[in-house]
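Since the model is a prediction, treat every value here as computed from it, not as a measurement. These values consider heavy atoms only, across backbone and side chains, with no hydrogens, waters or symmetry-generated copies.
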Amino acid sequence: MQGLNRRTMFFVAEKQEAPPGEKEFEIIHARDVVTQADVTTALNDYRKNYGEHFFIPVLTDPFEYKEKDQVIPLQPEQLFFMDYTQQADIKNARILEVGLGSGILSIFCLLKGARHCTGLEINPRAKIFSGYNTLLNNLDAALEIKDGNVQDVFAPVANTRFDFILSNPPFEPTPPGMDYYFNSSAGIYGLTFVASLLKDVDNHLHENGVFQMVTMAPGNEQEAFMLHELVEKYLPGSAVEIILDQQPITYNSFVDRFVSIFGEEEQRIQAMKDEAARDGVTHLHMLVLKYRKGSKGNIQTRRTHKTYETWSSPLGTANTLYSSLVL
C-alpha cells in the first residue's frame with residue numbers, strides 16, 4: 001500500500017466501560033484501505049469482532065499525506081467534542097458545521113438525533129471525503145455541503161438560523177506567510193478563524209440555540225486568556241462555558257515543530273516566540289467552548305475529567321493512539 005491511493009479508515013464507538021453517568025467515545029479500530037473492497041472487508045471485520053452496537057466508520061487521508069488539502073485523520077479533539085455534546089442540544093436540531101473536514105462531527109450529531117446538517121467547507125478534497133463518509137453511514141439525505149468562505153465565514157448561509165452550530169476550526173499557531181494545511185492554518189496565535197466565528201455566530205442561531213466548538217487557544221498555564229478576551233468582545237454579558245483539557249502544551253514547544261518537522265527558518269519561529277512572550281502567552285490549551293444564545297452571565301471554566309491530548313506527538317503527525325491501532 002504505497003503512494004497516495006492509500007486512505008485510513010477509522011471506527012469510532014461508544015466506550016462500554018465509561019464512568020457512571022458519563023458517555024465516552026473512542027477510536028476503537030483503524031486500518032489502511034485502497035479499494036472499495038477493502039472498505040467492505042473492514043466493515044465486515046469490525047462487525048464480526050465488535051458487534052452491531054453504535055459505531056461510526058470514517059475515511060480520511062493517512063498522516064503521511066502532506067499536501068495542504070489533507071483531510072486530517074481523526075484526533076483526540078473530535079472525541080473531546082463528542083464526550084461533551086449534550087443529546088438534548090442536538091435532538092431534532094437543524095445544525096450547521098463550519099469546517100466540515102471528514103464529516104465526523106456532523107455524522108456523529110446526525111446519528112445522535114439531529115434532523116439535518118448543513119456543512120461549510122473550503123477544501124474540495126474534504127468535500128469528497130465528507131460526502132463519501134455520509135454515504136458510508138447512510139446519512140446522505142440529511143447532509144447538504146456548501147462551499148465555505150474564508151473572508152466571510154457565514155456568507156454561504158446568509159439570513160439562515162440554526163438550532164446548533166458546531167466547529168472544529170483551524171487553530172494551529174502558524175508562521176506568517178507559510179503555505180500550510182487548509183485544516184490548520186490560523187495566524188500566529190491560532191485564533192483568526194475562531195474570531196470570525198465568535199463575531200457573527202449569534203446572528204445565525206435561533207433563540208436558545210447552541211454554539212459548540214472544539215479548538216486550541218493561547219494563554220498562560222492556568223487559562224486560555226486570549227479566548228476569554230474574544231468572548232468578552234463578541235459575546236459580552238453572555239454565559240459561556242470553557243472546558244479545558246487537563247494537559248496544555250507550551251507555546252514554544254508547539255511552534256518549534258515548524259523547524260523540526262517542516263523546515264521553517266529558526267529566525268521566523270523565534271519572532272513568533274518573542275511576540276508571544278511580550279503578550280504573556282506561555283501555553284496552548286485544547287478546549288471545548290459552549291454558548292447558548294440568550295443566556296446571560298459570564299465565562300465559567302472547568303477542566304475535563306480525563307486527558308484527551310497528551311502531546312505525545314505533534315499535530316499533523318501520527319499520534320501514538322493511531323500508531324497502535326492502524327493495521
Side-chain angles (χ1 to χ4, degrees), residues 1 3-15 25-65 69-79 81-82 85 87 90 93-148 164 166-168 182-183 214 318 321-322 325-327:
M1 290 187 179
L4 300 183
N5 288 331
R6 180 165 54 90
R7 309 288 178 256
T8 301
M9 191 169 184
F10 291 90
F11 292 84
V12 175
E14 198 165 316
K15 214 169 189 177
F25 296 86
E26 62 182 337
I27 301 170
I28 200 169
H29 182 65
R31 68 165 61 182
D32 287 333
V33 296
V34 174
T35 66
Q36 182 59 42
D38 293 337
V39 171
T40 301
T41 299
L43 287 166
N44 291 337
D45 288 349
Y46 179 89
R47 291 188 176 102
K48 182 171 66 176
N49 292 323
Y50 299 102
E52 291 288 346
H53 65 277
F54 178 86
F55 73 96
I56 308 172
V58 170
L59 213 66
T60 74
D61 279 315
F63 279 96
E64 293 80 8
Y65 183 87
D69 63 351
Q70 180 201 64
V71 179
I72 194 168
L74 299 197
Q75 300 273 2
E77 70 215 46
Q78 283 97 37
L79 303 177
F81 179 96
M82 293 176 192
T85 300
Q87 190 156 5
I90 56 177
R94 290 193 173 277
I95 68 175
L96 170 71
E97 181 170 10
V98 184
L100 191 59
S102 66
I104 177 61
L105 296 183
S106 286
I107 290 168
F108 168 79
C109 290
L110 289 167
L111 289 172
K112 285 298 184 178
R115 188 188 340 170
H116 183 271
C117 176
T118 301
L120 306 183
E121 180 56 63
I122 65 166
N123 181 359
R125 186 176 180 84
K127 293 173 200 169
I128 294 169
F129 274 73
S130 57
Y132 178 86
N133 287 328
T134 307
L135 285 164
L136 199 59
N137 287 275
N138 298 312
L139 292 169
D140 47 296
L143 175 67
E144 178 185 11
I145 302 173
K146 292 191 170 193
D147 292 340
F164 186 83
L166 65 142
S167 188
N168 177 193
F182 287 130
N183 59 43
V214 60
L321 173 63
Y322 168 85
L325 286 171
V326 74
L327 298 176

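At least one test fails for Arg31 against the ring of Phe11: distance under 6.0 Å to the centre or angle within 45° of the axis.
If you take OG on Ser102 and CZ on Arg125, they are separated by 12.5 Å, rounding to the nearest 0.5 Å.
Asp32 and Thr8 are linked by a side-chain donor-acceptor pair at a separation below 3.5 angstrom, with hydrogens and angles left out of the test.
Side chain of Asp61 to backbone of Val71: a donor-acceptor contact under 3.5 angstrom is found. Listed for the Glu97 side chain is a donor-acceptor partner under 3.5 Å among the backbone atoms of Ser106. Side chain of Glu26 to backbone of Lys15: no donor-acceptor contact under 3.5 angstrom is found.
Taking the six-membered ring for Trp and thresholds of 30 and 60 degrees, Tyr50 and His29 have ring planes inclined between 30 and 60 degrees apart.
Ring pair Phe25/Phe108: centre-to-centre distance below 6.0 Å. Taking the centre of each ring, Tyr46 and Phe55 come in below the 6.0 Å mark.
Residues Pro57 and Met9 share a closest heavy-atom pair of CB-CE, 3.8 Å. Of all the heavy atoms in Leu110 and Ala142, the pair that sits closest is CD2-CB, 3.9 Å. For Ile104 against Met82, the heavy-atom pair with the smallest separation is CG1-CE, 3.6 Å. Counting all heavy atoms, side chain and backbone alike, Gln87 lies closest to Lys112 at NE2-O, 2.9 Å. Across all non-hydrogen atoms, the minimal contact from Ser167 to Val98 is OG-O, 2.7 Å. Here the closest heavy-atom approach between residue Glu77 and residue Val214 is recorded as O-CG2, 3.5 Å.
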